[in-house]
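Proteins get letters first, then strands, A, B, ... in listed order; numbering begins at 1 in each.
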Number of protein chains: 2
Amino acid sequence: MSWTVGELARLAGVTVRTLHHYDRIGLLQPSERTSAGYRSYDVHDLDRLQQVLFYRELGFPLDEVATLLDDPDADPAVHLRRQHRLLRDRLDRTQAMVAAVEKEMEARQMGISLTPEERFEVFGDWLPEEYAAEAEEKWGDTDAWAQSQRRTAAMSKEDWLRVKAESDDVERRFAAALAAGVPADSTAAMDLAEEHRQQISRHFYDCSPEVHTGLGRMYVEDERFTAYYERIAPGLAQYVSTAVQTNAARQG
Amino acid sequence: MSWTVGELARLAGVTVRTLHHYDRIGLLQPSERTSAGYRSYDVHDLDRLQQVLFYRELGFPLDEVATLLDDPDADPAVHLRRQHRLLRDRLDRTQAMVAAVEKEMEARQMGISLTPEERFEVFGDWLPEEYAAEAEEKWGDTDAWAQSQRRTAAMSKEDWLRVKAESDDVERRFAAALAAGVPADSTAAMDLAEEHRQQISRHFYDCSPEVHTGLGRMYVEDERFTAYYERIAPGLAQYVSTAVQTNAARQG
DNA sequence: GCAACAGCCTGACGTCGCGTCAGGCGCAAC
DNA sequence: GTTGCGCCTGACGCGACGTCAGGCTGTTGC
C-alpha cells in the first residue's frame, strides 16, 4: 500500500504544501518517487508523519522534531512514553489556566480584583513542556537525567505543587537577600544555595557540588534560565549563580 | 501605578520586542508616552495584555484577538466565559490525544498495529477551538448562535461523543451513497440531508430549510468545511452541499 | 485517439509573529 | 562627567508554511 501526496494530506489533515515543505527540509522524505517524479509514501512514512504531527502539535520546532525522530536509540516506545508525559504536562497547564479563569470569575463576582502578579501567574509557569526536550538533548545520556525521569514520572500533581512551593520559597528568600543588599558570596547567600542544592538532590537527582556549579553557570548562560530568574527580580539570575558557585567552592 | 516596557515584559513573561510589536500593529498601545517618548503602561493596558496573551496561547491570530477585544459589547464576563469554554475544549482535545497514545501503547504491547485512519483520527477532530471564534464573528449576533451556545454549554463530554457519533453516522452514509453512485439530487440523498438538518435542530439550533441552504453553500465556499468533508471522501463536500440544497428546495 | 481535467511537479514570492542587530537618546549613580 | 542600563526607532532575518505561476501526467469520456 502506498499513498500520493494528496491522499496522505487528506488522511493526515494537512495540506500538500506542508508535505512538500517537510520533504524539502528533509523532515519527511517519501520513500519513493515514481518515474514521473511523483512522491510515493509508504506505511513507514505515514508512521513518521504521525510522530511529526504529534510533536508539532506539542509546540516543537521542526528541526527539533527531526533530531528527536532521527535519534537512533529512541525506539517507538520511548516516543510514546515521552508523548504521554508531554500531554500530561499540557493537561496540568490547561487545568491551571482553567483555575486561573475561575479565580478571576469569582473575584469579579465578589467585586474584588487581583494583583498584577496574580493575573500573570499562569503565564509564568515555565519549567515543563518547552524545556523538557532541550534538557533531554543535553543530558539525555547522563545518569542524573535517568534518575530525574524516574522520580518525576512517579510524582502526582500534588507532589509537584509541594516541590514547586518549596523551590518558590527558596527563590523568594534569594530575592529578599538580593533586595536587602546581602552579598552573593556571603555565608547567608551560600546557605541558601546549599539549601537549593539539597532540594534538587531530594526531588530530582543527586546534585553534587560540581554538578551544582554547572547549574549555576547555566543560570547566567542559558537565557531561558536567566529569563526565569530575572522575572522574579532583576539581577537575580546573576545573584543566584554567584551564590551557587561560591557555595560549591566552599564545599569542595 | 504605571509600568515601563521592560517592567511589563518581565511581569507578563514576554519580551520587550513583543510589546513593541503589539504597539506597532495597534493591538496593545500604551495609554501614555513620557516626554522622552518612553512607553508607559497603566493598569488597563495590563488588563488588555492579559487577555491578549490568553487568546494568543489558545492559538488565535493577533488580528482576530484584536477584533475580539475591540468588540464594544463584549464585557469582561463574556471573555471569561469564552475563555473557560475554549479551555475546556482544549482539555477534551488533550485528553483525546492521551487516549490515542494509550491506545497505541496497548496495541504495541499486544503486537497489533492500528489502521492508518485510526492513527490520524485524533488530528482530524476539527470542529471546536479553531472554528469557535470565526463562527462567533459571523453569527455571534444571531439567535441561532445564542441558542447553540446555551445548548452546547450544557453538554457533557459524553453528550458530545453521542452527538459526534450521530453525525459521523450520517456522514458515513453520505460517503457510501457517493461511492455507490447515488445522485446528490436523488430522494435517497435528500433524505440523508433531511436527517442532517433535524440532527442540527435537535442538538444545536433551529435549522430551517433556509438556514440549511446557507449551510450547504458554505460547505463548498468555506474551505474549512470543504477540507473537513474532503478528508472523509473526495467530492463529498460538493455532494453534501448539493443534497442539502436540493432537499431545502423540496421542502420550501 | 485525443481532449478535458484533476492531480502532480518545481520555483518563487508573500505572510505572521516575532528575534536580532545597529545606531542613538535619556537618566540615575558613582 | 562618564559609565551603564534601559529606552527608542528602523531594518533585516527566520520558521513554517500559503499562494500563485507555469508546466507535466494520467485517467476518464466521447
Student: What pairs of residues pass the salt bridge (charged side-chain N to carboxylate O under 4.0 Å, His left out) test when at least one of them lies in residues 31-46 of chain A, not counting sequence neighbours?
Tutor: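 Output for this query lists A:D23-A:R33, A:D23-A:R39.
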Student: Could you check how far CD of A:E32 sits from P of C:dC8, rounded to whole Å?
Tutor: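 That distance rounds to 16 Å.
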Student: Please check: side-chain N/O of B:T94 versus main-chain N/O of B:R90, any donor-acceptor pairing under 3.5 Å?
Tutor: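 Here the side-chain-to-backbone pair exists.
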Student: Could you tell me how far apart B:R56 (CZ) and C:dG17 (P) are, to the nearest whole angstrom?
Tutor: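 Distance, rounded to whole Å: 10 Å.
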Student: Could you check A:M97 against A:D92 for side chain to side chain contact (heavy atoms under 4.5 Å, CB included), going step by step and ending with a plain yes or no?
Tutor: CA-CA 9 Å; A:M97 290 181 75; A:D92 288 350; over 6 Å; no
Student: Measure from the side-chain heavy atoms of A:R39 and tell me the nearest of C:dC9, D:dG18, D:dC7.
Tutor: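 The answer is C:dC9.
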Student: Please determine whether a side-chain nitrogen or oxygen atom of B:T18 lies at a distance below 4.0 Å from atom OP1 or OP2 of C:dG19.
Tutor: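 So the side-chain polar atoms of B:T18 do come within 4.0 Å of the phosphate oxygens OP1 or OP2 of C:dG19, strictly under.
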Student: Between B:R56 and B:E64 (salt bridge meaning N to carboxylate O under 4.0 Å), is one present in this structure?
Tutor: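 No, this pair does not count.
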Student: Between B:E7 and B:T4, is there a donor-acceptor pair closer than 3.5 Å when you use the side chain of the first and the backbone of the second?
Tutor: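 At least one qualifying donor-acceptor pair exists.
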Student: Tell me the interatomic distance from B:R33, atom CZ, to C:dC25, atom P, rounded to whole angstroms.
Tutor: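 Atom CZ in B:R33 sits about 17 Å away from atom P in C:dC25.
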Student: If you check every side-chain atom of B:R17, which of D:dA16, D:dG18, C:dG19 has the closest atom?
Tutor: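 Closest nucleotide to the B:R17 side chain: C:dG19.
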Student: Between residues 20-30 of chain A and DNA chain D, which residues have a heavy-atom gap below 4.0 Å?
Tutor: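 By residue number: A:H21, A:Y22.
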Student: State which of C:dC18, C:dG17, D:dA16 makes the closest approach to the side chain of B:P61.
Tutor: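 For B:P61, the side-chain atoms sit closest to C:dG17.
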Student: End-to-end bend of the helix from C:dG1-D:dC30 to C:dC30-D:dG1 (five-pair axes, 10° rounding)?
Tutor: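 That helix has its two terminal axes inclined by roughly 10°.
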Student: B:Y41 has an atom OH; how far is it from atom C1' of D:dC8, in whole Å?
Tutor: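 Value for this atom pair: 12 Å.
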Student: Do any side-chain atoms of residues 74-81 of chain B form donor-acceptor pairs under 3.5 angstrom with protein atoms, and if so which ones, sequence neighbours left out?
Tutor:
from: B:D75; atom 1: OD2; to: B:A77; atom 2: N; distance (Å): 3.1
from: B:H79; atom 1: ND1; to: B:Y55; atom 2: OH; distance (Å): 2.8
from: B:H79; atom 1: ND1; to: B:R82; atom 2: NH2; distance (Å): 3.3

Student: Would you classify B:T34 as touching base, sugar-phosphate or nothing, given that sugar-phosphate means primed atoms plus P, OP1 and OP2, and contacts are heavy atoms under 4.0 Å?
Tutor: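 Counting heavy atoms under 4.0 Å across all strands, no contact is made by B:T34.
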Student: Find which nucleotide of DNA chain D each of B:G37 and A:A36 is nearest to by heavy atoms, and output the residue with the more 5' nucleotide.
Tutor: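 Mapping each residue to its closest nucleotide by heavy atoms, the 5'-most match is B:G37.
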Student: Just to verify, what does A:H212 make a ring pair (Phe, Tyr, Trp, His ring centres under 6.0 Å) with, not counting sequence neighbours?
Tutor: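 Per chain and number, A:H212 pairs via ring pair (Phe, Tyr, Trp, His ring centres under 6.0 Å) with A:H196.
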Student: For A:W3 and C:dG7, what is the distance between atoms CH2 and P respectively, to the nearest whole Å?
Tutor: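 So the CH2-P distance, A:W3 to C:dG7, works out to 19 Å.
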Student: Rounded to the nearest angstrom, tell me the gap between atom CD in A:Q238 and atom P in D:dC5.
Tutor: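 So the CD-P distance, A:Q238 to D:dC5, works out to 12 Å.
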Student: Taking the side chain of A:Y38 as heavy atoms from C-beta outward, which of D:dC7, D:dC24, C:dG19 is closest to it?
Tutor: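 Nucleotide nearest to A:Y38's side chain: D:dC24.
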Student: Could you verify whether a donor N or O on one side chain and an acceptor N or O on the other, from A:Q50 and B:E104, lie under 3.5 Å apart?
Tutor: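 There is such a pair (donor and acceptor under 3.5 Å, judged by atom type) between the side chains of A:Q50 and B:E104.
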Student: Write down the distance between CZ (A:F60) and C1' (D:dG15), rounded to a whole number of angstrom.
Tutor: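 Rounding to the nearest Å, CZ of A:F60 and C1' of D:dG15 are 16 Å apart.
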Student: Would you mind reading off the distance between B:E57 atom CD and C:dG17 atom P, rounded to a whole angstrom?
Tutor: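 Answer to the nearest Å: 15 Å.
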Student: Is any side-chain N or O of B:T15 closer than 4.0 Å to OP1 or OP2 of C:dG19?
Tutor: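 The answer is yes; a side-chain N or O of B:T15 sits under 4.0 Å from OP1 or OP2.
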Student: Indicate yes or no for a side-chain donor-acceptor contact from B:T242 to the backbone of B:Q238 under 3.5 Å, with no hydrogens or angles considered.
Tutor: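 Side chain of B:T242 to backbone of B:Q238: a pair is present.
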Student: Can you list everything that forms a salt bridge (Lys or Arg N to Asp or Glu O under 4.0 Å) with A:D71? Sequence neighbours excluded, please.
Tutor: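 Not a single residue meets the salt bridge (Lys or Arg N to Asp or Glu O under 4.0 Å) criterion with A:D71.
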